[in-house]
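Positions are given from 1 along the sequence. All values below come from the heavy atoms of this structure, side chains included, with hydrogens, waters and symmetry mates left out.
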Amino acid sequence: GSGFTTMTQVVFQTFDSTGTVGTTAISPDTVSPDGTSLTVTVPFSVVSGPVSVRDVFTGLGGGSVTLQIVPTIDSASGTLNPGDTFTLQGNGFDPNGTQVQLPGVAQPVAADSASILAGGGTQATVTVPAGVTVPGQITVSIAGGASNPFDLQSAGNTEVEPNDSPATATLLPLDPT
């Protein structure tokens with residue numbers, strides 16, 4: 001792109017405390033001296049969708065690219081007994097449709113939307129169904145894709161160490177003019 005300044009904003013689709021999808025404008029962390037690139041921190045509550053740039057004063061901008069959010073699992077805690085609550089910590093969880101695939105269970109389990117909203121997309125709880133087997137792997141899926149598998153070692157009181165990498169996003173250059 002070209003013409004980026006500290007007055008350029010990057011506009012993401014995000015969810016609010018009720019799960020309603022809207023937009024959030026973020027100022028750049030850095031802008032290259034020649035104005036051809038910028039760096040921005042992606043908000044935790046971002047969802048897959050269009051990302052655009054605009055001028056903070058005029059609101060004018062140009063074009064958009066699609067950002068695909070893929071969830072990550074950083075840690076897991078709780079017990080895996082049927083009926084118990086199990087909590088995942090990570091990023092990219094969407095209150096409007098996060099599914100958790102547990103080892104030994106044929107169908108994914110819907111994550112609790114309220115827990116995702118409360119954590120701003122960084123935590124999700126599920127009620128453990130019958131049939132979970134360990135050791136095994138968990139994956140989390142949203143509209144943007146699925147997490148890397150996360151290893152579970154014990155069915156008892158579980159505190160699991162991270163094995164997943166943080167998500168990164170690369171956006172193609174946009175021209176704010």
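Looking at Ser115, its side chain does come within 3.5 Å of a backbone N or O of Thr125 through a donor-acceptor pair. Side-chain atoms of Thr98 do not come within 3.5 Å of backbone N or O of Pro95 as any donor-acceptor pair. Judged purely by atom type and a 3.5 angstrom limit, Asp74 has no side-chain atom pairing as donor or acceptor with the backbone of Asn91. Not a single donor-acceptor pair under 3.5 Å links the side chain of Asn81 to the backbone N or O of Asp84.
Between Val31 and Thr6, the shortest heavy-atom distance links the atoms CG2-N, 4.0 Å. Contact between Pro71 and Ile142 at its shortest, heavy atoms only, is CD-CG1, 3.6 Å. The two atoms that bring Ala146 and Val70 nearest to each other are O-CG1, 3.1 Å, heavy atoms only. Closest approach of Ser37 and Phe4 over heavy atoms only: N-CD1, 3.6 Å. In terms of heavy atoms, Gln137 sits closest to Pro103 at O-CD, 3.3 Å. For Ile26 against Thr41, the heavy-atom pair with the smallest separation is CG2-O, 4.0 Å.
Judged by distance alone, the side chains of Thr87 and Ser77 never bring a donor and an acceptor atom under 3.5 Å apart.
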Next item on the list: Could you go through the side-chain contact (heavy atoms from CB on, under 4.5 Å) check for Thr79 and Val128 one step at a time?
Entry: CA-CA 8 Å; Thr79 56; Val128 179; over 6 Å; no
Next item on the list: Under the side-chain contact (heavy atoms from CB on, under 4.5 Å) rule, what do Phe86 and Leu152 come out as? Steps first, then yes or no, please.
Entry: CA-CA 12 Å; Phe86 191 73; Leu152 290 178; 3.8 Å; yes
Checklist line | From CA spacing to verdict: side-chain contact (heavy atoms from CB on, under 4.5 Å), Val10, Val51 | finding: CA-CA 7 Å; Val10 180; Val51 175; 3.5 Å; yes
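Both Val100 and Val134 sit in one connected hydrophobic cluster of ILVMFWY residues. Membership requires side-chain heavy atoms under 4.5 Å apart, directly or through other members. Clustering ILVMFWY residues whenever any of their side-chain heavy atoms sit less than 4.5 angstrom apart, transitively, puts Phe15 in a cluster other than the one holding Phe44.
Atom CZ of Phe12 is separated from atom CG of Leu67 by 6.5 Å, given to the nearest 0.5 angstrom. Here the CD1 atom belonging to Ile73 is positioned 7.0 Å from the OG1 atom belonging to Thr139, to the nearest 0.5 angstrom. We find the CZ-CD distance between Phe150 and Gln101 to be 16.0 Å, quoted to the nearest 0.5 Å. For the atom pair OG1 (Thr72) and CZ (Phe93), the distance works out to 6.5 Å, reported to the nearest 0.5 Å. Leu38 CG to Gln9 CD: the interatomic distance, rounded to the nearest 0.5 Å, is 11.5 Å. Atom-to-atom distance recorded for Thr133:OG1 and Leu80:CG is 9.5 Å, nearest 0.5 angstrom.
When each of Val126, Leu88, Val132 is paired with Ile138, the side-chain contact (heavy atoms from CB on, under 4.5 Å) condition holds for Leu88 and for no other.
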